[in-house]
Amino acid sequence: MANQFDVIILGGGPAGYVGAIRSAQLGMTTAVIERDKLGGVCVNIGCIPTKALLHSAYIAKLLREAKEFGVDAGLVKTDYGVAMQRSRRVSDQNSKGVEFLMKKNKITVVKGNGVLQPGRKVKVGSDIYEASRAVIIATGSRVKGLPQIGLEINKTTVISSDEALFLEKAPATLAIIGAGAVGMEFADIFSAFGTTVTLIEALPRILPLEDAEASDALAKSYKKRGIEVIAGAKVKQGTPAKDKVTLEVEANGATRKIEVAAVLMAAGRAVNTENIGLAECGVQVSERGFIKVDPGLQTTAPGYYAIGDVAGPPMLAHKGMREGVNVTELVAGKKPHAIRYDNVPSVTYCHPEVASIGLTEDQCKERKLEYVAGRFPFSANGRARGTGETEGFVKILRDKKYGEILGAHLVGGHASEIIHELAVARENEYTVEEVELAIHAHPTMSEAVAQAALDSLGRVVDM
Ligand code: NAI
């Protein structure tokens, strides 16, 4: 039968398309059902285009500082529209790349909105598709506004990352609500393109899930660049008008009015679990709205699995991708390495970059763990001095007794790349001592990792 597959995946984002490829590699006939472009939020309106824009922002920053390096770039002019168009080309190339991978692996791509049906079936329009082994739900997440305080996304003055990625011009003034990864990255981008940015965060510090020292370093760095950071703030009301928005913000015991050309909502995302037939198939969701899954990523309905954002936090592409691989290996009867959810790196690609893995120092304290914090600042690292990327540090939290790497926190240039040394170490249960034993090339930013390791052992060597 033409509509019969071993595995059907609902959603062609990073979790879904990677799962589909692994499924096909394992010899299972596979279909992906996608209503929009392949690659999902990550490729089209998330990870990939933002990284292109962040690089444009970084180039602007470098050129502004170039004189000090003996390069006079003259007056630096920026054009957000041009940067946006480039980021679209990058996204489109990536989406086409995913299309190519589907063809190469002989995966059937069904265009349309899929709705689950009992008996491992999915309905698309009037067609029914049937899976003999598994239906995998990978429908992802979407932006959300705060209609309860007047901030429903209207796509003109109250926007989300979805619209910010398609603007032809950077707004003159912008308030960003939420200082998680989305808020931090867009504050970096728009500030580099000349926008006056106000970053508003409800919790007492920006990037609240990161180590407090990382948050503090970023807050200092952003303030230095002229980004206003208001943490511990409550937006009581937003009043959008034709070409401006007025915000009533309560912070430090006082209420103030902020008037901006646009507001960017970055206060979290909602999962796409509505109207896809979950209840009809017996697939339950948790109180927080995520699909309930067991350690094998199976939902409460046998034969239905869930991966990626819908299956719970962290809502990160790389977590979803790994789940895509694991779930299809399990369906194929293999025994994959269990996913260590406590070892998923977290990266915010603003400048300086923030990367972390494992516990924060506060979490170590809450758990009453005996630890030593080893630190090394990039201002003392030769390579960082050479490139002028002296902001930030490496901090390693070492278990006092066994030397386990409880957590690692990086702020600085290339932190997004350097973190993986510690991810590999933790995955393999190397001790802090074992990380330092590996000779680190000189001069590199990575030497700061070795030095932070040594610092936690009381043996730091300044370079
Ligand atoms: P988030 O949940 O990471 O951060 C939202 C922030 O908004 C939180 O700090 C929260 O305290 C704050 N907030 C919530 N309500 C607020 C209010 N009324 N007023 C002020 N602040 C408020 O969500 P975000 O940044 O929107 O990202 C969504 C998801 O996408 C996250 O899971 C994130 O990790 C992921 N993502 C990852 C990226 C990366 O890995 N670089 C980049 C972008 C998104």
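Since we're looking at a predicted model, the values are computed, not measured. Heavy atoms only: backbone and side chains are in, while hydrogens, waters and symmetry mates are out.
The existence of a salt bridge linking Lys37 and Asp92 is confirmed by a sub-4.0 Å separation between a basic side-chain nitrogen and an acidic carboxylate oxygen. Look at Glu248 and Lys257 and you find no salt bridge, because none of the NZ, NE, NH1 or NH2 atoms lies under 4.0 Å from a carboxylate O. The pair Lys401-Asp399 does not count as a salt bridge, with every side-chain nitrogen at least 4.0 angstrom from each carboxylate oxygen. Looking at Lys51 and Glu185, a side-chain N of the basic residue comes within less than 4.0 Å of a carboxylate O on the acidic one, giving a salt bridge.
Between the side chains of Glu210 and Ser215, no donor-acceptor pair is found at a separation under 3.5 Å. Side chains of Ser23 and Thr328: a donor-acceptor N/O pair is absent below 3.5 angstrom, by distance only. A donor-acceptor pair shorter than 3.5 Å can be found between the side chains of Glu447 and His442. Thr157 and Asn154 share a side-chain donor-acceptor pair at under 3.5 Å. A donor-acceptor contact closer than 3.5 angstrom links the side chains of His440 and Glu421. Side-chain contact annotation: Tyr371 with Glu361, donor-acceptor N/O pair under 3.5 Å present. For the residue pair Arg22 / Gln25, a side-chain donor-acceptor distance below 3.5 Å is found, with atom types taken as modelled.
Glu436 and Ala450 make their closest contact through CG-O, 3.6 Å (heavy atoms, listed as atom of the first residue, atom of the second, distance). Contact detail for Val32 and Met102: the closest heavy-atom pair is CG2-SD, 4.2 Å. The two residues Asp342 and Arg426 make their nearest non-hydrogen contact at O-NH2, 2.7 Å. Of all heavy-atom pairs spanning Ile419 and Ala355, the tightest one is CB-CB, 3.8 Å.
Surrounding CZ of Arg225 are more than 12 heavy atoms belonging to other residues, nucleotides or ligands, all under 6.0 Å away. The neighbour count for Arg322 CZ, taken as heavy atoms of other residues, nucleotides or ligands under 6.0 Å away, does not exceed 12.
The closest side-chain heavy-atom distance from Tyr430 to Leu437 is not below 4.5 Å. With contacts defined as side-chain heavy-atom distances shorter than 4.5 Å, the pair Phe378/Glu389 does not qualify. No side-chain heavy atom of Arg205 sits under 4.5 Å from any side-chain heavy atom of Glu201. Residues Ser161 and Val143 are in side-chain contact: their nearest non-hydrogen atoms beyond the backbone lie under 4.5 Å apart.
Under a 3.5 Å cut-off, the side chain of Tyr222 and the backbone N or O of Met184 do form a donor-acceptor pair. Looking at Asn105, its side chain never comes within 3.5 Å of a backbone N or O of Ile107 through a donor-acceptor pair. Within the 3.5 Å criterion, the main-chain N or O of Ile357 finds no donor-acceptor partner in the side chain of Asn343.
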Subject >> Verdict with reasoning, Asp309 to Ser141, per side chain to side chain donor-acceptor pair (under 3.5 Å) >> reply: CA-CA 6 Å; Asp309 288 0; Ser141 64; 2.7 Å; yes
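Under the salt bridge (Lys or Arg N to Asp or Glu O under 4.0 Å) rule, Asp211 has a single partner from Arg375, Lys395, Lys365, which is Lys395.
Using bins of under 30°, 30° to 60° and over 60° for the plane-to-plane angle, the ring pair His55/Tyr58 lands in the tilted bin.
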